[in-house]
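Structure first, commentary second.
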Amino acid sequence: MYEEIYDFNNLLSAYQAARKCKRYKSNIVNYGFFLESNLFKLQRELILETYLPSSYVCFTVSDPKLRKVAAPAFRDRVLQHSLVSRIEPLFESKFIYDSFACRKNKGTHFGLSRIKKFLQAARSIYGKDAQIYCLRMDIQKYFASISWDVLLTLVNKTVPCDKTKRLIEKIITKHKCFNIKGRPIEAPEDVVNPDLRRGVPIGNLTSQLFANIYLNELDHFAKETLHIRWYARYMDDFLVIDSDKEYLKQTKEDFKSFLECHLHLSLHPKKVIIQNVKSGIPFVGYLIFYDHVLVRGKTLLRMRQKLKLRRNENLKNGEEHKLEATYSSIRGHLKRANAYGLEKNLFERNITTEKTIIKSKEKIKTKINEQLKLFSIILWFLFIS
């Protein structure tokens, strides 16, 4: 397995995957300019087992919520793509069917369809007049709370190669950080905490896989110990559907106890909710009912803000054609919901505004050109006279 990770062709494929959709960024261009020597250097470090992750760049993002991110260097992204491509199939076979995040052929749209089927099945069994409830839960500061020791134990159970285990341990436990100005800083405690041996950086590709591996224990506890029929998880958001409210209260306590004892995690005190499904289930960016789907208010607000920001940036730079990618992204999300009127309102208004701005720009350019022509004619007459 380890030999496959540092195989040159695999590293080259990993480089191509790592640069996807961002190939013109300066650090990626610089790496690609000396691609062959950079890949051979990375390969040599892996062969000799001297590889260590480069320093992370730490910064704060506010979308969709305020949080700190530690972004790895591009060489480390290349390695992570190569590593994940080799170890992910080992874990994929162990994941339950209704875990949706960061998995091939899963994702938000698949999660939406499954929750809708859960609601239809519950309504079919209990009757349309029955009270059906949903227990929704969220883990507090999930990525920053993942225990290195527990994670390494779970990984080592499945990965058979000792060299690959040592490589994974380096990625999990070795962290040096810079701020965006290039100055060395201590690793932020809400990203990683070396003293408590916990936390995985959100910016790592491996962190997505590790997060699924970690909570896969909870998934199997829910399905095999508690025998929950309608259970689903998207990263650290998970839910249970049932007609018995008291059963859901007990299930919440069972989850809380398991998370604290086995995974050293805590439920978010403000995000543990039992609600009637008649009001819809907010999950994966949608408000899901048994017979229709709406877009969540928070999601819609972010869409409007994103669209306004991109529109202003592109119109300012004269790159109106680039807006089509933003439109496609938003349309893809709205397509899964009953949002014909919303889509029409959202796009027609913006497209009309853009056309007006473009026309006004064209008029201004035309007037300027006319004035320049007139000015050049006057200069010509003055010159010949």
Side-chain angles (χ1 to χ4, degrees), residues 64-67 95-96 98-102 108 111-112 114-119 121-122 126 130-147 150-151 190 196 198-200 202 208 210-290 293-299 301-302:
K65 60 183 179 182
L66 192 67
R67 59 187 178 185
F95 294 154
I96 68 168
D98 290 312
S99 167
F100 311 126
C102 304
T108 57
L112 161 65
R114 287 294 291 172
I115 301 305
K116 195 173 179 181
K117 286 181 180 178
F118 287 176
L119 292 176
Y126 298 123
Q131 299 297 312
I132 302 172
Y133 301 95
C134 176
L135 167 63
R136 292 190 293 116
M137 291 164 282
D138 185 284
I139 294 173
Q140 189 170 28
K141 296 181 179 178
Y142 175 48
F143 281 86
S145 302
I146 291 176
S147 166
V150 174
L151 177 58
D190 46 358
L196 298 178
R198 69 183 185 191
V200 292
I202 295 175
Q208 300 172 5
F210 293 155
N212 268 338
I213 293 169
Y214 205 81
L215 281 186
N216 186 50
E217 300 299 301
L218 178 68
D219 297 341
H220 285 278
F221 172 73
K223 302 300 286 186
E224 296 167 9
T225 303
L226 301 182
H227 304 289
I228 298 172
R229 176 184 291 179
W230 297 306
Y231 164 88
R233 178 177 65 83
Y234 187 91
M235 200 50 74
D236 63 325
D237 295 328
F238 48 102
L239 59 81
V240 179
I241 295 173
D242 201 89
S243 63
D244 188 342
K245 203 169 187 178
E246 294 304 315
Y247 168 75
L248 292 180
K249 289 180 181 178
Q250 181 57 48
T251 299
K252 181 198 75 172
E253 295 301 321
D254 292 337
F255 275 129
K256 181 180 178 183
S257 176
F258 180 85
L259 287 167
E260 290 176 351
C261 295
H262 293 83
L263 300 178
H264 309 307
L265 300 173
S266 302
L267 291 174
H268 197 298
K270 295 182 180 179
K271 294 183 180 180
V272 178
I273 301 167
I274 298 176
Q275 65 176 93
N276 196 305
V277 300
K278 287 182 178 178
S279 59
I281 298 177
F283 194 63
V284 294
Y286 297 95
L287 189 62
I288 308 169
F289 300 82
Y290 82 95
V293 178
L294 302 177
V295 179
R296 289 185 68 181
K298 289 181 179 178
T299 306
L301 180 61
R302 287 201 301 271

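Just the heavy atoms: all of them, side chains too, but no hydrogens, waters or symmetry mates, feed the values below. Residues: numbered from 1 along the sequence shown.
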Please name all residues satisfying side-chain contact (heavy atoms from CB on, under 4.5 Å) with D236, sequence neighbours left out, ordered by chain then number.
D138, I139, Y142, L215

In residues 239-252, what donor-acceptor pairs under 3.5 Å come from side-chain atoms, sequence neighbours left out?
from : atom 1 : to   : atom 2 : distance (Å)
D242 : OD2    : D244 : N      : 2.9
D244 : OD1    : E246 : N      : 3.0
D244 : OD1    : Y247 : N      : 3.3
Q250 : NE2    : D254 : OD1    : 3.1
T251 : OG1    : Y247 : O      : 2.8

State, to 0.1 Å, how close A101 and M235 come at their nearest heavy-atom pair, and which atoms those are.
CB-N, 3.4 Å

Kindly assign one of parallel, tilted or perpendicular to the pair F283 and F100, based on the angle between their ring planes and the thresholds 30° and 60°.
perpendicular

Note: K116 and Y290 closest approach over all heavy atoms is CE-O, 3.6 Å

Closest approach of R198 to A144 (non-hydrogen atoms, all atoms of both residues)
CG-O, 3.6 Å

Which atoms form the tightest heavy-atom contact between S99 and N212, and what is the distance?
OG-OD1, 4.0 Å

Looking at every heavy atom in both F118 and Y231, which two are closest together, and how far apart are they?
CE1-O, 3.7 Å

Sequence neighbours excluded - salt bridge (charged side-chain N to carboxylate O under 4.0 Å, His left out) pairs with any residue from residues 215-231:
D219-R233

Applying side-chain contact (heavy atoms from CB on, under 4.5 Å), can you list everything that pairs with L112, at least two apart in sequence or on another chain?
V284, Y286, I288, V293, R336

Residue pair L218 / F258, side-chain heavy-atom distance below 4.5 Å:
yes

Once ring-ring contact (aromatic ring centres under 6.0 Å, His included) is applied, do any residues pair with Y214, and if so which ones, sequence neighbours excluded?
none

Passing option when F238 is tested against W230, F221, F255 for ring-ring contact (aromatic ring centres under 6.0 Å, His included):
F255

Could you tabulate the donor-acceptor pairs under 3.5 Å formed by side-chain atoms of residues 266-282, not counting sequence neighbours?
from : atom 1 : to   : atom 2 : distance (Å)
H268 : ND1    : K270 : N      : 3.2
Q275 : OE1    : R136 : NE     : 2.9
Q275 : OE1    : R136 : NH2    : 3.0
Q275 : NE2    : S279 : OG     : 3.3
Q275 : NE2    : G280 : O      : 2.6
N276 : OD1    : K278 : N      : 2.9
N276 : ND2    : Q131 : OE1    : 2.5
S279 : OG     : N276 : O      : 2.9

